[in-house]
Amino acid sequence: MPELPEVETVRRQLTTLLRGRHVVDATSHPSEKFCSALEVVGSQLIDVRRRGKFLLIDLDDGRELIIHLGMTGVLRPTATGTLDDPYVRARWHFADGAGFEFRDVRRFGRIAVVSAGHYTGLLASLGPEPFDEAFTPQSLYEALRRSTQAVKTQLLGQRPVAGLGNIYADEALWFARIHPARHVVGRPAAARLHGAIRDVLRAGIDHGGTTLRDYQTVEGGEGGHQHHLACYGRGGLPCERCGRPLSRITVGGRTTTLCRSCQR
DNA sequence: CATGTCGCCTGCGAGC
DNA sequence: TGCTCGCAGGCGACAT
């Protein structure tokens, strides 16, 4: 489940692979989620950027190719001479025969082409980038105060800050000692959460992302952050802070792990 | 506008 | 062994 650290890891590797390349041909799965891939034919790929969990690939003609990896999306160079992979949803070819492809078993991912900056939906209303100076303890405090939803639900909604998913939301709330179902977050707690969000995302990026099931890098490797998780997926195991077993609950319909003792 | 619910997808592991 | 079922879960569409 690619979240910001995974998408950022992919972005960095993809940049090397794509920058300056000309797309001369493309194929795609017939679903309208993926068929926009064909619109890139004839364009040059200038740069790969990221906003939240979205990859934004600048084209030379004033457009952008937007790719969301969804749950199981993988971007990788197209290997020559391999058997047909039924889960490849889009494939882009360069003039020299190389290319790259989007593999997405569960088809939760999405591909779009828009004129530069003309975003719609979630991408248009995303909260600040976590490492941008616009993301501050104060901005987080004010964003969380605007809604009465549980703090974790708000974080997953991408408005207080962009890029968190279930894994890093649980991690950040554990480090900040905030109960995920809490509805009111005061200034001190918001400041702790702000720091924790940056810390867990930074660690995730430094480890190349978290590979639990499907996530893999452009180079076909795994991330390393799964060996550093303090909370997510550790229900029943002892809390690294207090030693009591971590609990599993549901918040906003999402499986959530927390320490009932440390997180209030 | 804010919030809640549903549907999208498929592989995997538990249980019978 | 072979089957069913629940689960993983980000996000868009839609209803209230």
Side-chain angles (χ1 to χ4, degrees), chain A residues 1-11 28-36 50-56 66-75 84-90 102-114 118-127 130 142-173 180-185 197 201 204 209-216 222-223 225-226 229 231-236 247-258:
Chain A
M1 53 215 80
E3 305 177 28
L4 186 147
E6 291 74 40
V7 179
E8 176 61 19
T9 302
V10 168
R11 185 197 70 77
S28 94
H29 185 275
S31 161
E32 73 176 58
K33 285 180 171 181
F34 307 112
C35 62
S36 294
R50 179 192 55 72
R51 181 79 172 92
K53 305 174 197 172
F54 293 84
L55 284 166
L56 310 172
I66 302 171
I67 300 176
H68 195 292
L69 299 176
M71 290 290 295
T72 56
V74 170
L75 286 163
D84 268 352
D85 183 331
Y87 301 117
V88 170
R89 310 305 182 186
F102 181 53
R103 182 180 197 265
D104 184 14
V105 172
R106 292 176 59 188
R107 286 195 259 161
F108 272 37
R110 201 167 258 283
I111 295 171
V113 175
V114 302
H118 285 226
Y119 305 136
T120 57
L122 180 62
L123 182 53
S125 59
L126 230 40
E142 289 174 2
L144 292 174
R145 205 176 48 174
R146 274 180 223 123
S147 165
T148 57
Q149 287 182 310
V151 55
K152 178 174 176 182
T153 304
Q154 291 199 59
L155 293 177
L156 294 180
Q158 309 298 301
R159 319 267 168 180
V161 62
L164 292 174
N166 212 28
I167 297 173
Y168 295 95
D170 276 6
E171 291 294 294
L173 289 163
R182 232 163 97 173
H183 292 266
V184 177
V185 177
I197 288 169
L201 293 177
T210 301
T211 298
L212 295 174
R213 300 173 193 85
D214 303 289
Y215 164 69
Q216 64 178 55
E222 297 191 343
H225 194 65
Q226 62 276 13
L229 295 173
C231 180
Y232 178 89
R234 299 190 70 248
S247 305
R248 254 194 307 264
I249 63 172
T250 299
V251 177
R254 306 257 162 74
T255 299
T256 299
T257 308
L258 78 158

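The structure presented is a predicted model; accordingly, all values stated were derived computationally and were not measured. Within every chain, numbering begins at 1; the chains are lettered A, B, ... in the order of the sequence lines, protein sequences first and strands thereafter.
Checked against a 6.0 Å centroid threshold, the rings of Y168(A) and H225(A) count as neighbours.
In this structure, NE2 of H29(A) is placed 14 Å from P of dC8(B), rounded to the nearest angstrom. Atom CD of E32(A) is separated from atom C1' of dC8(B) by 12 Å (rounded to the nearest Å). At whole-Å resolution of the value, CG in L69(A) and P in dA8(C) are 21 Å apart. If you take CD1 of I249(A) and C1' of dC7(C), they are 18 Å apart, rounded to a whole angstrom. In this entry the distance linking CG of D104(A) with P of dA8(C) reads 19 Å, nearest Å.
With sequence neighbours left out, Q149(A) forms a side-chain hydrogen bond (donor to acceptor under 3.5 Å, both in side chains) with no residue at all. With sequence neighbours left out, the side-chain hydrogen bond (donor to acceptor under 3.5 Å, both in side chains) criterion links N166(A) to K152(A).
With a 4.5 Å cut-off on side-chain heavy atoms, V88(A) and F102(A) do not count as touching. At a threshold of 4.5 Å between non-hydrogen side-chain atoms, the residues L123(A) and I66(A) count as touching.
Between T148(A) and dT3(B), a side-chain N or O to OP1/OP2 separation shorter than 4.0 Å is present. Contact check, Q149(A) against dG4(B): a side-chain N or O comes under 4.0 Å of OP1 or OP2.
Using a 3.5 Å distance cut-off with no hydrogens or angles, the side chains of R107(A) and S31(A) do not pair a donor with an acceptor.
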task: Give the B/S/- string for nucleotides 9-15 of chain C, one per nucleotide from 5' to 3', where a protein heavy atom under 4.0 Å of the base yields B, of only the sugar-phosphate yields S, and otherwise -.
output: BBBS---

